[in-house]
Amino acid sequence: MGTAGSAIHREPWNKGKLVGQKAPFKLKDIWALRVRLQMESRVRELALFNLGIDSKLRGCDLVALKVRDVCHGDQVATRAVVMQHKTQRPVQFEITQAARDALQAWIKLAGLKPEDFLFPSRLHDSPHLGTRQYARILGHWVDELGLDRAEYGTHSMRRTKATLIYRRTKNLRAVQLLLGHSKLESTVRYLGIEVDDALEISEQTEI
């Protein structure tokens, strides 16, 4: 029988790591990266970045998209509906003109068919871009923008447009629908808006 003294000491999983919500990208960062990707003709990355921002999907859902999910015939649709892997609930998202143009260029360049994955993997053992590969690509984007990798992750992409929409409209219900959350409380926690709103109110209160 083991004793407390002989028990294996395990380090907490989050020791020395920055945990918590990842920061959304700022508008200036979005435009800076878009221009860089366009100038350097990084067609796949531009399509991935623009669709990631627009769709507000989790990384696992974004990388698993097929061409037919975002296209009507040979044209990229203005809206799409996908089933979320985590919740098994459908979620609808818009595809803006910038994202449509980028996707159209990528689909043509890669010669993708409707049944193909939108972002095929370059690794032989994976049919589509994996979430780790996506995270690595995003890490390079963060480096190129001169930002801190510890503060950003794939959820930064999911949070970016949702956060902007909330700040402009204060419409929590709309953001809940766009993120595909079943409970409003989940949206509040996800955006961290209680803290943000409280600080904003405090800043506007002069004593």
Side-chain angles (χ1 to χ4, degrees), residues 22-72 74-86 91-147 149 151-165 178-180:
K22 296 299 183 181
F25 288 103
K26 296 180 174 66
L27 275 176
K28 65 180 180 66
D29 298 324
I30 294 170
W31 285 107
L33 187 57
R34 273 184 181 151
V35 169
R36 178 187 284 263
L37 296 176
Q38 287 171 340
M39 294 287 287
E40 297 178 2
S41 298
R42 289 153 66 181
V43 183
R44 182 180 78 144
E45 289 184 55
L46 182 61
L48 180 64
F49 178 73
N50 282 344
L51 187 59
I53 293 291
D54 272 358
S55 70
K56 302 165 286 292
L57 291 173
R58 295 177 182 85
C60 60
D61 293 323
L62 178 65
V63 298
L65 287 172
K66 292 194 171 184
V67 174
R68 63 175 177 239
D69 292 326
V70 298
C71 287
H72 290 158
D74 59 354
Q75 295 296 312
V76 178
T78 57
R79 292 182 180 180
V81 181
V82 298
M83 190 69 71
Q84 299 173 97
H85 178 75
K86 181 178 179 181
V91 65
Q92 187 170 192
F93 58 88
E94 76 287 356
I95 307 175
T96 58
Q97 187 65 56
R100 293 201 299 274
D101 292 345
L103 285 167
Q104 201 83 54
W106 165 241
I107 290 167
K108 182 178 179 182
L109 179 69
L112 299 176
K113 299 179 179 64
E115 65 273 14
D116 291 335
F117 284 106
L118 194 53
F119 301 106
S121 175
R122 291 170 179 170
L123 302 176
H124 294 299
D125 59 347
S126 177
H128 60 73
L129 189 71
T131 51
R132 287 187 179 183
Q133 291 172 280
Y134 174 42
R136 278 196 292 271
I137 292 169
L138 186 133
H140 292 310
W141 292 340
V142 172
D143 290 343
E144 290 178 76
L145 290 168
L147 302 173
R149 276 201 190 202
E151 294 181 8
Y152 295 87
T154 55
H155 270 279
S156 296
M157 299 284 287
R158 179 162 157 78
R159 293 185 72 210
T160 294
K161 198 165 186 177
T163 302
L164 286 171
I165 291 167
L178 292 168
L179 289 173

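Just so you know, these numbers use all the heavy atoms, side chains as well, and skip hydrogens, waters and symmetry mates. Each residue takes its place number in the sequence, starting with 1.
For the pair Glu115/Lys66, no side-chain contact is recorded, criterion being any heavy-atom separation below 4.5 Å from C-beta on. Side-chain contact check for Leu179 versus Val91: every heavy-atom pair is 4.5 Å or farther apart.
Listed for the Gln104 side chain is a donor-acceptor partner under 3.5 Å among the backbone atoms of Asp74. Here the side chain of Arg79 pairs no donor or acceptor atom with the backbone of Glu94 at under 3.5 angstrom. Not one N or O on the side chain of Arg42 forms a donor-acceptor pair closer than 3.5 Å with the backbone of Arg36. The main-chain N or O of Lys22 is found under 3.5 Å from a side-chain atom of Arg159 such that the two form a donor-acceptor pair. Between the Thr160 side chain and the Pro24 main chain, no donor and acceptor come within less than 3.5 Å of each other. Checking side-chain atoms of Trp106 against main-chain N and O of Leu118 turns up a donor-acceptor pair under 3.5 Å.
From Leu103, atom CG reaches atom CG of Leu46 across 9.0 Å, with rounding to the nearest 0.5 Å. In this structure, CG on Leu62 lies 5.0 Å from OH on Tyr134, to the nearest 0.5 angstrom. Expressed to the nearest 0.5 Å, how far CG of Asp54 lies from OG1 of Thr96 amounts to 3.5 Å. Phe119 contributes atom CZ, which lies 9.0 Å from atom CG of Leu112 (distance to the nearest 0.5 angstrom). Here the NE2-CG distance, from His140 to Leu33, works out to 12.5 Å after rounding to the nearest 0.5 Å. Atom-to-atom distance recorded for Thr163:OG1 and Arg158:CZ is 11.0 Å, nearest 0.5 angstrom.
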Evaluate Ile30 against Phe49 for side chain to side chain contact (heavy atoms under 4.5 Å, CB included), listing each step before the verdict.
CA-CA 9 Å; Ile30 294 170; Phe49 178 73; 3.9 Å; yes
Residues Thr154, Thr131; criterion side chain to side chain contact (heavy atoms under 4.5 Å, CB included); working and verdict:
CA-CA 9 Å; Thr154 55; Thr131 51; over 6 Å; no
Step-by-step side chain to side chain contact (heavy atoms under 4.5 Å, CB included) determination, Ile137 to Leu129
CA-CA 10 Å; Ile137 292 169; Leu129 189 71; 4.1 Å; yes
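In terms of heavy-atom proximity, Phe25 sits nearest to Met157 at CE1-SD, 3.8 Å. Heavy-atom minimum distance, Lys56 versus Ala162: CD-N, 4.2 Å. Listed here is the closest heavy atom pair of Asp29 and Leu145: O-CD2, 3.6 Å. In terms of heavy atoms, Leu51 sits closest to Ala99 at N-CB, 4.4 Å. The two residues Gly180 and Gln84 come nearest to each other via the heavy atoms O-NE2, 3.3 Å. Residues Ile95 and Ala80 approach most closely at CD1-CB, 4.3 Å, considering heavy atoms.
The 12-atom threshold is exceeded at CZ of Arg149, counting heavy atoms of other residues, nucleotides or ligands nearer than 6.0 Å.
For the 3.5 Å distance criterion, the side chains of Arg100 and Gln97 qualify, holding a donor opposite an acceptor.
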